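Following: one structure in structure tokens, then a few remarks.
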Amino acid sequence: MRRTLSWRSPLRLLPAPPWSAQEPTWRAAKPQLIADALKRAETRPAGNWYVLAASREVVPGRPHGRTVAGREIVLWRAESGELTAGPGACPHLGAPLCQGAVTDGRLVCHWHGLALTARGGPGWEPFPVHDDGVLAWVRLDDVGGEPPLPAPRVPSRPERAASVDAVTTVVGSCEPEDVIANRLDPWHGAWFHPYAFTHLSVVEEPRAEDGDRFVVEVAYRLGARAAVPVRAVFTAPEPRTVVMHIVEGEGAGSVVETHATPLTAPGAAEPRTAVVEAVIATSRRPGFAAARAAAPLLRPLMRRAAARLWRDDLAYAERRRELRGQGRFPGAT
């Protein structure tokens, strides 16, 4: 695998053994190892920040509704680009503010005309909000219960002027820990997603002393035998996020961020979680400028590929949650 990483052409023709003839990975995917990495991730501070949506979903002049941890939230963007978020129910008589109108930077309730601004309004206080250019975040101190941070811990990313980003959101009947546990098990990639990955090996397992990084060599499948091999590093910088950085091979510097945002209140009998995955792709190849120019056409394709993977992975995350609830999950400690 390492020999292929030094090739100038990113495309390689790799052996294509039958799916069942792959090297088994179940011995390496130790339940306790994954559980320990998850527990350590859950102790890292998030500062009460939650991912709401893709930045580009919130357009000037139109309110946007979201639910986080059972809290109804409305957010809107002024013509200047300033983002505001706060409780989604009108403090007057509870009308849904996401059905209001944005006028001159104010959110006007459609029920009786109560106007709100970024500074607040009668009985209404905005939440701290952060727009990093790719994702919109909200800080909910009474939900997170941690010492607040002034801004979320946004992972390092390639420069926006040299990258193409796409954000995919899918929802499953599970909790954030089920999503994060799934991402902390890279060994399932070539077995569970053979249409996307091949020749996967974990060359460095997580250890607490080095930040719990997984180092993975994998080839992204482009056909029956054609694939692009890379080396990637997975980390869990906080309880609801796993980040993959491509460090060698085609697209070095590219990032995939997986954020798990709880939709239902803590302890809900039927939990729901939104997986918000941001792919920020870059390349040193001169031709990548054409890809940036074609970003509006590429984004739907990038979102479709991510959604296909997460349809599969959410099915497992939902099963993991079901087995945990029954006390039957083998990885429980």
Side-chain angles (χ1 to χ4, degrees), residues 1-5 7 9-31 33-34 37 166 168-172 174 178-206 214-234 242-252 254-258 260 275 277-279 281 283 298 300-323 329-331:
M1 186 68 167
R2 278 186 197 178
R3 286 194 300 272
T4 66
L5 294 173
W7 276 53
S9 170
L11 193 63
R12 291 284 288 141
L13 295 179
L14 301 175
W19 174 82
S20 59
Q22 297 181 87
E23 184 69 27
T25 58
W26 66 271
R27 288 186 178 87
K30 304 177 184 70
L33 186 152
I34 297 168
T168 305
T169 301
V170 291
V171 176
C174 60
D178 301 302
V179 173
I180 301 305
N182 177 284
R183 292 295 276 163
L184 293 177
D185 169 19
W187 292 276
H188 77 272
W191 282 97
F192 202 47
H193 307 293
Y195 52 84
F197 308 115
T198 185
H199 292 73
L200 185 151
S201 63
V202 177
V203 297
E204 185 178 318
E205 295 181 352
F214 288 85
V215 181
V216 177
E217 290 182 349
V218 63
Y220 288 89
R221 191 185 289 277
L222 299 179
R225 291 186 57 202
V228 176
V230 300
R231 175 176 280 222
V233 173
F234 289 76
V242 172
V243 182
M244 183 196 77
H245 286 90
I246 296 180
V247 295
E248 292 182 44
E250 179 61 22
S254 299
V255 179
V256 178
E257 302 173 12
T258 303
V275 178
E277 187 157 277
V279 178
S283 174
L298 288 177
L301 301 177
M302 295 166 70
R303 288 196 294 265
R304 187 182 308 164
R308 182 182 183 184
L309 290 168
W310 272 108
R311 277 195 297 271
D312 291 346
D313 277 344
L314 269 178
Y316 171 77
E318 291 174 342
R319 177 168 173 79
R320 184 184 188 276
R321 181 254 162 186
E322 180 182 1
L323 292 177
F329 181 62

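We use all heavy atoms of the structure for the numbers below, so side chains are in, but hydrogens, waters and symmetry mates are not. Bear in mind the structure is a predicted one, so any value in this text is a computation, not a measurement.
Using a 4.5 Å cut-off on side-chain heavy atoms (C-beta onward), F329 and R320 make contact. When side chains are defined from C-beta on, H188 does not count as touching T25, because their heavy atoms never get closer than 4.5 Å. With contacts defined as side-chain heavy-atom distances shorter than 4.5 Å, the pair R304/L301 qualifies. Counting heavy atoms from C-beta outward, L309 and F192 have side chains that stay 4.5 Å or more apart. Within the 4.5 Å cutoff, the side chain of E250 has heavy atoms near those of the S283 side chain. Looking only at side-chain heavy atoms (C-beta outward), Q22 and L200 stay at 4.5 Å or farther from each other.
Side chain of T168 to backbone of A306: no donor-acceptor contact under 3.5 angstrom is found. Of the possible polar contacts, none joining the R303 side chain to the A166 backbone as a donor-acceptor pair under 3.5 Å is found.
Nearest approach of V255 to E257, heavy atoms of both residues: CG1-CG, 3.8 Å. What you find for W310 and E277 is that their closest heavy atoms are NE1-OE1, 2.8 Å. Here the closest non-hydrogen pair linking A317 and D178 is O-CB, 3.6 Å. In terms of heavy-atom proximity, A227 sits nearest to T198 at CB-CG2, 4.1 Å. V179 and C174 make their closest contact through CG2-SG, 3.9 Å (heavy atoms, listed as atom of the first residue, atom of the second, distance).
Here NE2 of H199 is found 11.5 Å from CD of E23. Values are rounded to the nearest 0.5 Å. The structure places NE2 of H245 at 16.0 Å from CZ of R231, a figure rounded to the nearest 0.5 Å. The CE atom of M244 lies 8.5 Å from the OG1 atom of T258; values are rounded to the nearest 0.5 Å. In this structure, L314 CG and N182 CG are separated by 8.0 Å, a value rounded to the nearest 0.5 Å. Interatomic distance, NZ of K30 versus CH2 of W187, reported as 7.0 Å (0.5 Å rounding). From F214, atom CZ reaches atom CD of E204 across 10.5 Å, with rounding to the nearest 0.5 Å.
In this structure, W191 has its ring center closer than 6.0 angstrom to the ring center of W19.
Donor-acceptor pairing under 3.5 Å is lacking for the side chains of Y316 and D185.
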